[in-house]
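Below, read A as the first sequence line, B as the second, and so on, with proteins coming before strands; counting in each chain starts at 1. Computed from a predicted model, the values in this text were never measured in an experiment.
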There are 2 protein chains.
Amino acid sequence: MLSKCPLFNGVTSSELDVLMKDLPFQIKKYAKGQMLAQSGEECRSLMIMLKGSVRGEMMDVSGKAIKIEDIEPPKPLAVAFIFGQNNRFPVNIIANDDSEVFLLPKESMLILLQRSAPFLKNFMNIISSRAQFLSDKIRFLNFQTIKGKLAHYLLQLESSQQGEIILTKSQEELATLFGVTRPSLGRALRDLHNDGLIEAKAKSILIIDRQGLMALLRKD
Amino acid sequence: MLSKCPLFNGVTSSELDVLMKDLPFQIKKYAKGQMLAQSGEECRSLMIMLKGSVRGEMMDVSGKAIKIEDIEPPKPLAVAFIFGQNNRFPVNIIANDDSEVFLLPKESMLILLQRSAPFLKNFMNIISSRAQFLSDKIRFLNFQTIKGKLAHYLLQLESSQQGEIILTKSQEELATLFGVTRPSLGRALRDLHNDGLIEAKAKSILIIDRQGLMALLRKD
DNA sequence: TTCATTTTGTAACATATGTTACAGTCTAGT
DNA sequence: ACTAGACTGTAACATATGTTACAAAATGAA
């Protein structure tokens with residue numbers, strides 16, 4: 001299972017067995033809704049998702065949260081926060097479902113980095129991608145109005161689905177992903193509909209004016 | 001000079017000579033205002049500041065920009081964006097002053113990573129810190145009102161300076177750092193003043209009600 | 001089916017921030 | 001000392017988003 005994790009790209013599971021034989025590790029289970037780690041907490045172990053799903057979300061003191069991402073097997077988490085002078089979680093990690101996580105202590109991880117060149121390379125790639133991901137988040141969260149974010153989101157969905165888009169998330173979820181309130185998101189959706197850019201009916205959305213949506217991305 | 005760069009912590013300059021002897025590199029000069037790299041451009045080299053100062057800023061199509069950071073010697077730049085599947089600059093890099101930059105091609109950098117354990121370690125630490133930095137940016141940009149950002153900024157400044165704070169940046173600069181407009185920033189400053197939290201007169205600011213400022217951080 | 005719960009639609013209103021504009025002030029260079 | 005250019009203070013107004021509230025609709029469990 002572990003060998004599917006992008007961190008172990010290019011490492012066969014038998015090689016992995018050898019690499020890890022003498023390294024201590026742990027497997028932890030979490031119930032749905034349980035918190036795996038809290039923002040500010042020290043990050044001592046690499047974590048790799050085995051089962052279930054967790055999310056990382058930032059929360060301010062007043063309770064407003066924005067979701068940064070979902071993480072599902074076989075992806076690792078906290079990769080970019082184990083090292084550095086301030087090795088703390090920047091987000092809360094919460095189980096979306098009953099989940100199982102593989103834990104490898106920082107020290108073991110250092111050993112692994114020395115033992116396996118592919119692992120090292122994967123690690124550097126992943127950590128770099130994280131920086132890209134976070135940069136993109138900043139852009140997304142700061143440079144778009146709600147309509148812009150919606151347009152972005154819908155156009156992205158459209159490229160993977162065909163024609164009609166079926167939202168898999170509730171408006172509530174979308175709102176926290178966008179860092180806005182639910183009524184505001186609803187209003188933006190309605191506006192896009194009224195402006196004739198989309199045909200929205202409950203969870204089903206049809207893009208009518210692709211050009212118009214793309215203009216929103218560039219406009220504000 | 002290079003040996004002062006955090007990437008070469010623990011490497012003496014004579015060791016550095018040996019490490020780099022056969023590696024090709026480049027030194028480039030940029031005039032004030034010149035663009036070193038554009039957002040979206042591929043990132044092929046590690047860059048290390050030798051002289052001057054540059055800034056990284058995100059810009060949307062309409063021209064609104066927010067400054068992410070200033071980078072000055074002997075700091076490296078683009079460290080976190082050389083690797084990963086999408087090795088592109090997420091920001092524009094612009095010279096604040098006439099500047100000089102050391103360029104090490106990606107390939108040379110890979111060699112260096114293999115040759116020097118301290119370099120590798122520094123690299124991983126720096127790249128991790130970048131992820132932390134970006135996370136903090138997200139928090140800062142999304143969870144604070146303008147007043148909150150100001151409070152944050154002022155409290156931070158106060159800890160380094162004594163008593164009276166002298167702003168070194170213009171309101172215009174602060175505004176782009178906060179991702180807001182200049183009049184809005186001015187208004188926020190005035191509000192803090194009128195609310196009796198600070199005594200602001202031109203560039204000189206005196207914190208009067210520290211508790212009040214801290215409350216702003218937690219409030220919104 | 002029926003009922004409880006979640007999700008959605010929507011409205012009135014409050015607030016924060018952007019936009020534009022202009023005048024006052026400071027500062028550096030001549 | 002004078003002037004051009006930048007910076008600051010501020011105002012009126014426009015707009016986007018948040019807040020609160022409630023009803024309609026959908027969904028899922030009994």
Side-chain angles (χ1 to χ4, degrees), chain A residues 32-33 59-66 96 140-154 165-195 197-205 216-217 219-220, chain B residues 32-33 59-67 96 140-153 165-195 197-205 216-217 219-220:
Chain A
K32 176 171 179 169
M59 188 168 286
D60 71 2
V61 208
S62 73
K64 180 185 168 189
I66 73 179
N96 289 324
F140 180 76
L141 291 172
N142 282 286
F143 282 124
Q144 307 267 45
T145 59
I146 300 185
K147 286 190 199 175
K149 291 175 186 174
L150 254 176
H152 182 100
Y153 185 80
L154 291 176
I165 299 172
I166 306 291
L167 292 182
T168 57
K169 298 179 191 296
S170 70
Q171 288 188 5
E172 183 70 42
E173 285 178 296
L174 270 191
T176 75
L177 193 58
F178 291 180
V180 301
T181 59
R182 203 265 308 167
S184 296
L185 184 84
R187 173 166 43 201
L189 209 47
R190 199 173 345 132
D191 288 351
L192 290 185
H193 178 106
N194 290 339
D195 295 351
L197 298 177
I198 62 175
E199 186 68 37
K201 194 163 185 201
K203 298 245 180 210
S204 151
I205 291 180
L216 280 182
L217 294 184
K219 187 55 182 314
D220 69 292
Chain B
K32 177 172 179 168
M59 189 169 284
D60 71 2
V61 209
S62 72
K64 180 186 168 189
I66 72 178
K67 178 158 83 175
N96 289 323
F140 180 76
L141 291 172
N142 282 287
F143 281 125
Q144 306 268 43
T145 61
I146 300 184
K147 286 190 201 178
K149 291 175 186 174
L150 254 176
H152 183 98
Y153 184 80
I165 299 172
I166 306 291
L167 293 182
T168 59
K169 298 179 193 297
S170 71
Q171 286 189 5
E172 182 70 44
E173 285 179 294
L174 270 191
T176 74
L177 192 58
F178 291 179
V180 301
T181 59
R182 203 264 310 167
S184 297
L185 183 82
R187 173 166 43 203
L189 209 47
R190 201 176 342 137
D191 287 351
L192 290 186
H193 178 105
N194 291 339
D195 294 351
L197 299 177
I198 62 175
E199 186 67 37
K201 195 165 184 199
K203 298 244 178 208
S204 152
I205 292 178
L216 280 181
L217 295 183
K219 187 57 180 315
D220 67 290

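With hydrogens and angles left out, the side chain of Arg187(B) and the base of dG18(C) share a donor-acceptor pair within 3.5 Å.
The side chain of Pro183(B) has dA11(D) as its nearest neighbour among dA11(D), dC7(D), dT19(D). Checking dG18(D), dG9(C), dA11(D) against the side-chain heavy atoms of Thr181(A) singles out dG18(D) as nearest. Side-chain atoms of Arg182(A) lie closest to dT8(C) of the nucleotides dG9(D), dT8(C), dT17(D). Closest contact between the side chain of Ser184(A) and the listed nucleotides dT19(D), dT10(D), dT17(C) involves dT19(D).
Under a 3.5 Å cut-off, the side chain of Asp191(B) and the backbone N or O of Asn194(B) do not form any donor-acceptor pair. For His193(B) (side chain) and Glu199(B) (main-chain N/O), no donor-acceptor pair under 3.5 Å exists by modelled atom type.
The distance from atom CG of Leu141(B) to atom C1' of dT17(C) is 15 Å, rounded to the nearest whole Å. We find that CG of Leu150(B) is positioned 13 Å from P of dT8(D), with the value rounded to whole Å.
For Lys203(B), the NZ atom sits in a packed shell: over 12 heavy atoms of surrounding residues, nucleotides or ligands are nearer than 6.0 Å.
No contact: Lys147(A) has no heavy atom under 4.0 Å from any strand. Using a 4.0 Å heavy-atom cutoff across all strands shown, Ser170(A) reaches sugar-phosphate atoms only and no base atom. Residue contacts shown for Lys169(A) are absent, as no nucleic acid heavy atom lies under 4.0 Å away.
The side chain of Arg190(A) contributes an N or O atom lying less than 4.0 Å from OP1 or OP2 of dT10(C). Between Gln171(B) and dA6(D) there is no side-chain N or O to OP1 or OP2 distance below 4.0 Å.
No option in Leu150(B), Leu189(B), Ile166(B) other than Leu189(B) meets the side chain to side chain contact (heavy atoms under 4.5 Å, CB included) test with Ile205(B).
Place Glu172(B) and Leu185(A) on DNA chain D by their nearest nucleotides, and Glu172(B) ends up nearer the 5' end.
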